[in-house]
Amino acid sequence: MSADLRPGDGDGTRCVYAGLPGAVPGEPFLPGPVFAAPYHLDPWQGPAASPNGYARMDSPTRRLLEAAIGELEGGDCLAFSTGQAAVTALLLTVLRPGDTVLLPTDGYFAVRAFATATLEPTGVRVRYAPTAGPYPSFEGVRLLLLETPANPGLDVADVTALAAAAHEAGALVAVDNTTATPLGQRPLDLGADVVVASGTKALSGHSDLLLGYLATRDAGLLDAVRGWRTSTGAVPGAFDAWLAHRSLATLDLRLARQSANAAAVTELLLARPDVQGVRWPGRPGDPAYPVASAQMRRFPGIVSFDLGTAERVGRFLTAARLVAAATSFGGLHTSADRRAQFGDDTSPGFVRLSCGVEDTVDLLADLTAALDASLA
Ligand SMILES: *Cc1c(COP(=O)(O)O)cnc(C)c1O
């Protein structure tokens, strides 16, 4: 369990200590990854005698990571091999033929693709609503999945109000917390029943692993999803779980710089008449700001904007020194993704820029030079 964390501890303190075992002389702060598939069993009592029998069910490295993420989300956590594994585990555990699920029109496109390819053919009714609303009646809805801020458009949903309305109608409420991270918002505190997220992005933040998780205070749901995970096997390996836990310690620091960079980049982009559609939920004046500023504890490092054409985005990325052309987001290095190249339904010049932890002044200079060069 967490080493002596107290309710009033700040984000930096909680990130550093989350999930660490208590101090034992001669032992490391964060125990190294335990590489094992089977463990020695007690010859008489078998798996009943020890917490570890087989790593699909039990892994000491994964348990420490789950304690850490659970500490930050304020619930019990199950780690998955990827964010998609966590999201689909929730959908397939909860939804039965005839049930209705309400998904965001503007959320992560792979979730919508999964709903079309896999949920609808099993007889699950899939409905959509834009993250910023308006939302239909929740009557007859089994599961409401919100994604806020939504990736990649960065609209936000009012979790408290929507959870109350959905609960009134008997629906379960899930929030995809990938973009915000548990330092950006704690959906379980806002009234959501369950959080799902990709840990691949800002949570682990080093662009070197895939991870997903689910967190909830509902013991029945936790058991059902744990059963799903055990039978489908979508668990992270020990090394990835350990790397993610090690990386979690700097989440507060990384987000602080990423968010400060995003604020500065937003101002730079807004001042340029050659850049359209700049969105960042942390800017007073952004349509998402009223809800985001009331609901979020800090703003993400992602800014979206439109450069008009795919060609101009290509020239911008070629000219930039400090902006990697890459998908994903939340890493140490600033990166930009022209989403339409993945078949997303965004416009051809739409860019999702993920601010890294470079010095703000360097990043601004490089963006200015690259945007200027892209006009040529
Ligand atoms: C990336 C992402 C996922 C999927 O996570 P993977 O780790 O890539 O499987 C789910 N939801 C959102 C909002 C994401 O950005």
Side-chain angles (χ1 to χ4, degrees), residues 65 69 73 77-92 101 103-115 117-119 128 130-132 143-157 159 174-182 184-185 187 192 194-215 229 232-237 240-241 243-244 247-248 255 258 279 281 288 292 296 299-304 326-331 335-339 341-346 350-355:
L65 173 67
I69 298 174
E73 287 285 5
C77 171
L78 293 169
F80 285 83
S81 51
T82 70
Q84 275 302 95
V87 176
T88 57
L90 175 69
L91 297 174
L92 292 168
V101 61
L103 301 177
T105 44
D106 47 347
Y108 188 59
F109 82 105
V111 174
R112 300 199 300 277
F114 175 80
T118 305
L119 290 181
Y128 292 94
T131 295
L143 175 68
L144 168 66
L145 174 63
L146 302 171
E147 185 184 311
T148 180
N151 167 24
L154 301 178
D155 269 328
V156 305
V159 176
V175 173
D176 185 324
N177 208 23
T178 304
T179 305
T181 84
Q185 72 199 358
V194 53
V195 169
V196 285
S198 171
T200 309
K201 319 289 175 50
L203 188 83
S204 61
H206 287 63
S207 310
D208 55 5
L209 59 87
L210 294 166
L211 183 77
Y213 70 88
L214 176 148
R229 187 185 65 175
T232 59
V235 292
D240 283 356
L243 271 179
S247 301
L248 211 51
L255 289 179
Q258 289 173 338
R279 292 295 309 271
M296 299 189 72
F299 302 112
I302 305 159
V303 182
S304 61
T327 191
S328 194
F329 57 85
S335 64
D337 188 9
R338 193 177 71 79
R339 286 303 307 160
Q341 69 192 337
F342 288 99
D344 223 331
D345 46 11
T346 51
F350 175 90
V351 176
R352 182 185 64 207
L353 184 84
S354 172
C355 295

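Counting convention: from 1, in listed order, for ligands and their atoms alike. Quick caveat: nothing in here was measured; it's all calculated off a predicted structure.
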- Between Gln185 and Thr148, is there a donor-acceptor pair closer than 3.5 Å when you use the side chain of the first and the backbone of the second?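 Yes.
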
Q: Using atom types as modelled and distance alone, determine if a side-chain donor or acceptor of Ser247 lies under 3.5 Å from a backbone N or O of Gly205.
A: no

By chain and number, the residues contacting ligand 1 below 4.0 angstrom (heavy atoms only) are Thr82, Gly83, Gln84, Tyr108, Glu147, Asn151, Asp176, Thr178, Ser198, Thr200, Lys201, Leu211, Phe329

Value for CD1 (Ile302) from OG (Ser335), rounded to nearest 0.5 Å, stands at 9.0 Å

From Leu210 atom CG to Ser204 atom OG, the distance as rounded to the nearest 0.5 Å
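Result: 8.5 Å between the selected atoms.
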
Check Val194, Thr181, Asn177, Leu214 against Glu73 for a side-chain contact (heavy atoms from CB on, under 4.5 Å) and give me the one that passes.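 Testing Glu73 for a side-chain contact (heavy atoms from CB on, under 4.5 Å) against Val194, Thr181, Asn177, Leu214 leaves exactly one candidate, Asn177.
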
Practice problem: Could you tell me which residues satisfy side-chain contact (heavy atoms from CB on, under 4.5 Å) with Ser81, sequence neighbours excluded, listed by chain and number? | Solution: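 Only Ala85, Ala234 meet the side-chain contact (heavy atoms from CB on, under 4.5 Å) criterion with Ser81.
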
